[in-house]
Protein chains: 2
Amino acid sequence: MRATGAATPGSPLDPTASVPATVAVGGAAIPEATVARLPVYLRALTALADAGTTTCSSEELAAAAGVNSAKLRKDLSYLGSYGTRGVGYDVEYLRYQIAREIGVTQDWPVVIVGIGNLGHALANYSGFRSRGFRIVALLDAAAGRRGEEVAGLPIRSFDELESVVAEHRVAIGVVATPAAAAQEVCDRLVAAGVTSILNFAPTVLAVPEGVDVRKVDLSIELQILAFHEQRKAQAEGGAARAADAAEVIA
Amino acid sequence: MRATGAATPGSPLDPTASVPATVAVGGAAIPEATVARLPVYLRALTALADAGTTTCSSEELAAAAGVNSAKLRKDLSYLGSYGTRGVGYDVEYLRYQIAREIGVTQDWPVVIVGIGNLGHALANYSGFRSRGFRIVALLDAAAGRRGEEVAGLPIRSFDELESVVAEHRVAIGVVATPAAAAQEVCDRLVAAGVTSILNFAPTVLAVPEGVDVRKVDLSIELQILAFHEQRKAQAEGGAARAADAAEVIA
DNA sequence: ACCGGTTTGTTCTCACGTTCACAAACTCCT
DNA sequence: AGGAGTTTGTGAACGTGAGAACAAACCGGT
Ligand SMILES: NC(=O)c1ccc[n+]([C@@H]2O[C@H](COP(=O)([O-])OP(=O)(O)OC[C@H]3O[C@@H](n4cnc5c(N)ncnc54)[C@H](O)[C@@H]3O)[C@@H](O)[C@H]2O)c1
Ligand SMILES: NC(=O)c1ccc[n+]([C@@H]2O[C@H](COP(=O)([O-])OP(=O)(O)OC[C@H]3O[C@@H](n4cnc5c(N)ncnc54)[C@H](O)[C@@H]3O)[C@@H](O)[C@H]2O)c1
């Protein structure tokens, strides 16, 4: 059902969101779907640059990013005309333009709240740094964790949130607490001045206008896979792999 | 820009995917966007049930799930007519119907490959179990990790993949290895018979027809937030918080 | 200077997804 | 039994996104 290279249903355009859908303000309007793909292009371009490629066609870049080349060209056209007809795109130049458009030419300071299993993994993740983000503080409510160092940063009290946000001008917060605490933590983050939140807890967060929330939900992803898996099993006549987990209806 | 309660752009409808878009086979066709929301409804219903609620209206459930109530009703209508006009939905009954539709009335066996920072967190995550999944094996290539126990399961050699998949009839695999190894691991998983993959590595995986891939990409999520954050800063006149990370263009 | 080959930027069309609005259907009360 | 009030299920209108197709623009060679 899914084709090679263009293989994924996966992340950004959230059907759970009831929202505008294009992003206008200073520059031109950029469709939300395009915004969600820009980071993918950026990554593909970085990989090409690392491989020593200096120029690439929309076809090549599209293949590397796993999208249709027409879609890629249309996406890029929202940013401007950075290619050369008959030639293609200059990898380094385009990479910079996309990075600038996304806003990751400088680092964004980020706080992580909830340094448990997941918080530790996030704190240790080096991919942040190279992609435009800098973790400036790790906060946790549990007194037991206080003082422990993770990836060179001490775990601090959640009560230090306000001063940390003010000091580093933090705009982005990550919530990695249990679901029960997520809304409360979110409220505190917003009150402290954070206007973008990445939520790992399995809850719907309510936030005031002007605050963006994105969620990463592992169980949802797996359940979507399970749904398709079940359909595949049914398509095979029901005698398939997950027959024990799937009852045939039709 | 985003409204309370319906706050998120967040996950499932991936603009990186060039794909059909409705899911037909045994039962009726269900739009992909709807499939992506069913797990959210399921979670909201579980929360309601835990709170002792036995009946709810589409309005209430929609609020709990963070979506428009018309959208909710239309989504549910794809599954059948499980509500009662003038009354609403029976929480427990609807919960079961959705769980059955998704295919999580029984547990799906899952293997995790790459037990590093992230793999450890995933292995320790209890939310899996309660949502229809059972981790049956942890695999890692590094000999150094061999034998270590995580959450009651031993870390086994990646070479045991085929036998594990065969033994437990595993259909779903999780890739938590470095990006460089992801495609190779993915190929092995597919060859072993896995037909659904959840990928945490920042790479585009190429898979044959019939295999589903979903990706969870933290950096992409953060970059999307950064984009909007930058726009907010520009909207405020450029003198805003992240002025150092955002140049005003006009 | 011109011509063939190549690749972008864009237009046009179609499919998908969201939302409104309302008739059908149910409950409860009189 | 009937009517008022409530809530579902869905038809229709609108907006957004995807992809095919093509004209405009560029390069290199002659
Ligand atoms: N571990 C995973 O792989 C995984 C996967 C998907 C989702 N999640 C979700 O991510 C969240 C964290 O998961 P985890 O496994 O790290 O849990 P965890 O219990 O290991 O860690 C949670 C941490 O949050 C801290 N905390 C609790 N209340 C707090 C508060 N009010 N303020 C600040 N900190 C607080 C706790 O002290 C603890 O350190 C959970 O919501 C979980 O459902 C985890
Ligand atoms: N840690 C995070 O919070 C985080 C966040 C986002 C994305 N990621 C991505 O998730 C992946 C894992 O991250 P991590 O921090 O756990 O990395 P890690 O280096 O801690 O762990 C990777 C593990 O994979 C194993 N491995 C390497 N090659 C393998 C192979 N061919 N077969 C089987 N196992 C192999 C290694 O032995 C190691 O145990 C990376 O691609 C990373 O970019 C991690």
Side-chain angles (χ1 to χ4, degrees), chain A residues 2-3 5-6 8-9 11-24 28-38 41 55-63 65-91 93-94 97, chain B residues 3 6 8-9 11-24 28-38 41 55-63 65-91 93-94 97:
Chain A
R2 313 257 123 48
T8 306
S11 135
L13 213 57
D14 187 354
T16 290
S18 53
V19 200
T22 52
V23 182
I30 298 186
E32 196 54 44
T34 296
V35 172
R37 280 187 294 265
L38 291 180
Y41 302 154
T55 279
C56 72
S57 68
S58 63
E59 205 73 47
E60 293 172 89
L61 183 54
V67 302
N68 181 294
S69 71
K71 201 192 293 186
L72 170 77
R73 288 198 300 275
K74 183 178 274 188
D75 284 340
L76 294 184
S77 76
Y78 291 114
L79 313 192
S81 286
Y82 296 133
T84 307
R85 298 177 191 219
V87 178
Y89 301 92
D90 181 277
V91 172
Y93 179 61
L94 183 59
Q97 293 301 336
Chain B
T8 305
S11 135
L13 214 58
D14 187 354
T16 291
S18 51
V19 200
T22 52
V23 182
I30 297 184
E32 194 55 42
T34 296
V35 171
R37 280 187 296 265
L38 292 180
Y41 302 153
T55 278
C56 73
S57 68
S58 63
E59 207 73 47
E60 294 172 89
L61 183 53
V67 302
N68 183 295
S69 70
K71 201 193 289 190
L72 170 77
R73 287 199 299 277
K74 178 154 279 191
D75 284 342
L76 295 184
S77 77
Y78 291 114
L79 314 190
S81 286
Y82 296 133
T84 307
R85 298 177 191 219
V87 178
Y89 301 92
D90 181 277
V91 171
Y93 180 60
L94 183 58
Q97 293 301 336

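Source: prediction; values computed, not measured. Order of the sequence lines fixes the chain letters, A, B, ..., with proteins taken first and strands second; residue numbering starts at 1 for each chain.
- For the pair Lys71(A) NZ and dG17(D) C1', the computed distance is 8 Å after rounding to whole Å.
- Counting to the nearest Å, the P atom of dT8(C) and the CG atom of Leu79(A) are 15 Å from each other.
- Tyr93(A) places its OH atom 15 Å from the C1' atom of dT8(C), with the value rounded to the nearest Å.
- Put simply, CG on Leu76(A) and CG on Leu38(A) are 7.5 Å apart, with the number rounded to the nearest 0.5 Å.
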Within the sub-3.5 Å range, which N or O atoms of nucleotides 28-30 of chain D have a protein N or O partner, and how far apart are they?
none

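- Summarising the geometry, the separation between CG on Asp75(B) and C1' on dT19(C) is reported as 12 Å, rounded to the nearest angstrom.
- Considering only residues two or more places apart in sequence or on other chains, Ser69(B) meets the side chain to side chain contact (heavy atoms under 4.5 Å, CB included) condition with Ser58(B), Glu59(B), Ala62(B), Arg73(B).
- With sequence neighbours excluded, the residues forming a side chain to side chain contact (heavy atoms under 4.5 Å, CB included) with Tyr82(B) are Leu79(B), Tyr93(B), Leu94(B), Gln97(B), Arg100(B), listed by chain and number.
- In this structure, Glu59(A) and Tyr78(B) both approach DNA chain C, and ranking their closest nucleotides by distance from the 5' end singles out Glu59(A).
- In this view, Tyr41(A) and Arg37(A), Asp75(A) satisfy the side-chain hydrogen bond (donor to acceptor under 3.5 Å, both in side chains) rule, not counting sequence neighbours.
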Where along nucleotides 1-7 of chain D does protein come under 4.0 Å, by heavy atom, of base (B) or sugar-phosphate alone (S), with - for untouched nucleotides?
-----BB

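- Neither OP1 nor OP2 of dT10(D) sits under 4.0 Å from any side-chain N or O of Lys74(B).
- Here the P atom of nucleotide dT8(D) and the CG atom of Leu94(B) are 11 Å apart, to the nearest Å.
- As a whole-Å value, the separation of Glu60(A) CD from dT7(C) P is 8 Å.
- Tyr82(A) comes within contact range of the sugar-phosphate backbone alone, with a heavy-atom separation under 4.0 Å but no base atom that close.
- Residue Asn68(B) places at least one side-chain N or O closer than 4.0 Å to OP1 or OP2 of dC20(C).
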